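What you see is a predicted model, and the numbers here were worked out from it, not measured in a lab.
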Amino acid sequence: MGELGGFLRIHRAGITHKDPAQRVQLEPYREFVVRRTDEELAGQGARCMECGVPFCHNGCPLGNLIPDWNDLVYRGRWQEAIRQLHATNNFPDFTGRLCPAPCEAACVLEIREGESVTIKQIEHAIIERAWEEGWVVPQPPAVETGRSVAVVGSGPAGMAAAQQLRRAGHRVVLFERDEAIGGLVRFGVPDFKIEKRIVERRVGQLAAEGIELRCGVDVGVDLGVDELRGQFDAVVLAIGSRVPRDLPVPGRELEGIHPAMDYLYVRNRRVAAEHGPAPLVPAPERPPITAAGRHVVVIGGGDTGADCVGNSIREGALSVSQLELLPEPPAKRPDDRTPWPLWPAKLRVSYAMEEAHRLALGEQDFSVVTTAFCGDERGRVVGQRIARASDDPPFAPVDGTEQELRADLVLLAMGFLHPEHEGLVADLGCELDQRGNIRARAYATSVPGVFVAGDARRGQSLIVWAINEGRQCARLVDRHLAATEPGSRTIGVHADADEGPGGPPSHAQGAVVVDEG
């Protein structure tokens, strides 16, 4: 596996990005990751050690067969590599761009911090090579079961569930209330992180496999629950966790304060209108939200907040401040808090802050609590009162540290609470857990024939968890349909994605193991 002793001789070569000024000013809505040559990637694959216990498997919720395809890339066997990769992951073109790579944090080489195998960029290269060579093709089912499934929500969880169920031979209809398929990958993540042609080619694959795509349909409103249940043998809810965490402080009602996702949806729709691809149905009319010529404050230090910063810079914001309530994490992995192979709680400078620093447009500050917003006579926000936050919950403001920021646009990127309850979930009568998610121990809700996958079940999480949940949920739905019609063929424990050896994992953290007997 790999090159004997390669990790001792070959240095890690991480993902390379275009120059921050170039990507903002010359190619603002093109992906900024630079792909390495096949020879360089083979060298990086050679560093994989074939560990006795490959902890990268534990770090990956999908249970990707990482050492296997690292070795195949090292040996130049790219077509076999994509078979191994597709065996556990329906959409490596999404994860190779958007996953934070917990597999790398769990790599045995990461015991020496910063020395892990560059798994993410190898994954990205494998799937791009596969598309270029024509190895990714539709896989329609050989046999039709005559059973039907409605999948509500077309994010990664819904897309994965729909694809797995269709490949098992079921009729699948994928419902999306927005104008195009993809969920937050389409509307929440900017084009400079994933160009929407990448999403569109997977949508084309779904359609070619026989999945019926219905966009602009708000299930529970445009299609009632009784009609839904009457038309389909099973229903999968993959509606995400879309209720944003709010900031109830004085002045919150002022104009110019928005949940981050409202802004990101506006920006992605604007970019799609200018650069494509065209949606399946007309986009809804929404009030404009713009950062152009404004002093922008983004509250929240995660990926959503970074995407707001990156979009604001490209729009022409005068300044961008990103505020984080929690203290600044250490520069290196804190072994007393998150020892290897856990995901390390350490400081990471986002691509967006690299751009802000390079263009002298903004900073990121930690331990900052907002106490109030200030408005003008028109009811628009013009300022934000902040203070230093104490280091421990409830992160109260420290006396004597108050100050005021200029703020013409405030974007709340503080995460999400749970799925939307009113409408579909309430009409179906699904039980909720203590966090407000849809209760489902093994993907089956309290309503017979109704299943749930992704963030709606587990809460806000990573794209790899969403795809894993969609795959595992499809397996349970298929088993449910088989139980109601003896003799039907089932997906089984290990289901192929495109082709290749089996997955998904029963060993991945959080995976559901079902007794085959």
Side-chain angles (χ1 to χ4, degrees), residues 2-3 5-24 27 30-49 51 54-57 59-60 64 66-67 69-74 78 81 85 89 92-129 189 192-194 198 302-303 306-307 310 329-333 338 340-358 364 462-464:
E3 181 179 315
F7 68 96
L8 296 173
R9 297 188 298 274
I10 302 172
H11 296 292
R12 172 185 163 96
I15 296 174
T16 55
H17 295 162
K18 297 175 185 176
D19 177 78
Q22 173 194 0
R23 66 195 193 217
V24 169
E27 300 176 313
R30 298 294 303 274
E31 292 180 10
F32 54 73
V33 171
V34 179
R35 183 169 146 191
R36 294 188 179 275
T37 66
D38 290 355
E39 292 73 19
E40 290 175 309
L41 291 165
Q44 293 304 298
R47 300 181 67 243
C48 190
M49 304 188 301
C51 309
F55 280 85
C56 55
H57 285 193
C60 178
N64 282 334
I66 294 165
W69 39 260
N70 278 341
D71 179 64
L72 291 167
V73 167
Y74 162 60
W78 290 84
L85 182 50
N89 186 351
D93 22 13
F94 299 173
T95 56
R97 289 169 166 84
L98 304 179
C99 179
C103 54
E104 294 189 18
C107 175
V108 172
L109 288 179
E110 187 63 14
I111 293 173
R112 293 181 58 184
E113 192 170 359
E115 291 296 322
S116 67
V117 175
T118 54
I119 299 166
K120 181 177 176 177
Q121 71 170 333
I122 294 174
E123 175 186 27
H124 176 261
I126 292 170
I127 182 58
E128 291 309 302
R129 175 73 175 269
V189 182
F192 44 85
K193 287 176 67 175
I194 181 168
I198 304 300
D303 287 343
D307 293 344
K332 298 290 185 180
R333 177 194 291 270
T338 52
W340 177 87
L342 299 180
W343 178 255
K346 66 178 182 179
L347 180 65
R348 297 172 179 84
V349 178
S350 71
Y351 75 91
M353 270 299 120
E354 289 178 353
E355 296 168 357
H357 293 161
R358 176 66 178 274
Q364 182 174 13
L462 304 177
I463 186 171
V464 278

Could you tell me whether the side chains of Y351 and D307 share a donor-acceptor contact shorter than 3.5 Å?
yes
Check: C107 main-chain N/O paired with E110 side-chain donor or acceptor under 3.5 Å
no
Determine whether E123 and N89 satisfy the following criterion, side chain to side chain donor-acceptor pair (under 3.5 Å), listing intermediate values before the conclusion.
CA-CA 11 Å; E123 175 186 27; N89 186 351; 3.3 Å; yes
Does this structure show an ion pair linking R47 with E3, if we count only N-O contacts that are shorter than 4.0 Å?
no
Taking the side chain as every heavy atom from C-beta outward, state whether E104 and V117 have any atom pair closer than 4.5 Å.
no
Basic-acidic side-chain contact under 4.0 Å: E354, R23:
yes
If every non-hydrogen atom of N64 is compared with every non-hydrogen atom of H57, which pair is closest and at what distance?
O-CD2, 3.2 Å
Look at the side chain of K120 and the backbone N and O of P102, then say whether any donor-acceptor pair between them is shorter than 3.5 Å.
no
Taking every heavy atom of A345 against every heavy atom of P330, the minimum-distance pair comes out as O-CD, 3.6 Å
Mark yes or no for whether E355, through its side chain, and A21, through its backbone, hold a donor-acceptor pair below 3.5 Å.
no
Spatial distance of atom SG (C56) from atom CG (L109) [nearest 0.5 Å]
10.0 Å
Check: R36/T16 side-chain N/O donor and acceptor closer than 3.5 Å:
no
Mark yes when over 12 heavy atoms from residues, nucleotides or ligands other than R348 sit less than 6.0 Å from its CZ; otherwise mark no.
yes
Check R97 with E31, please: is the shortest side-chain N to carboxylate O separation under 4.0 Å?
yes
So, does T118 use its side chain to make a donor-acceptor pair with the main chain of Q121 at under 3.5 Å?
no
Looking at side-chain heavy atoms only, is the closest gap between R129 and D38 below 4.5 Å?
yes
Could you tell me whether the side chain of Q44 and the main chain of H11 form a donor-acceptor pair under 3.5 Å?
yes
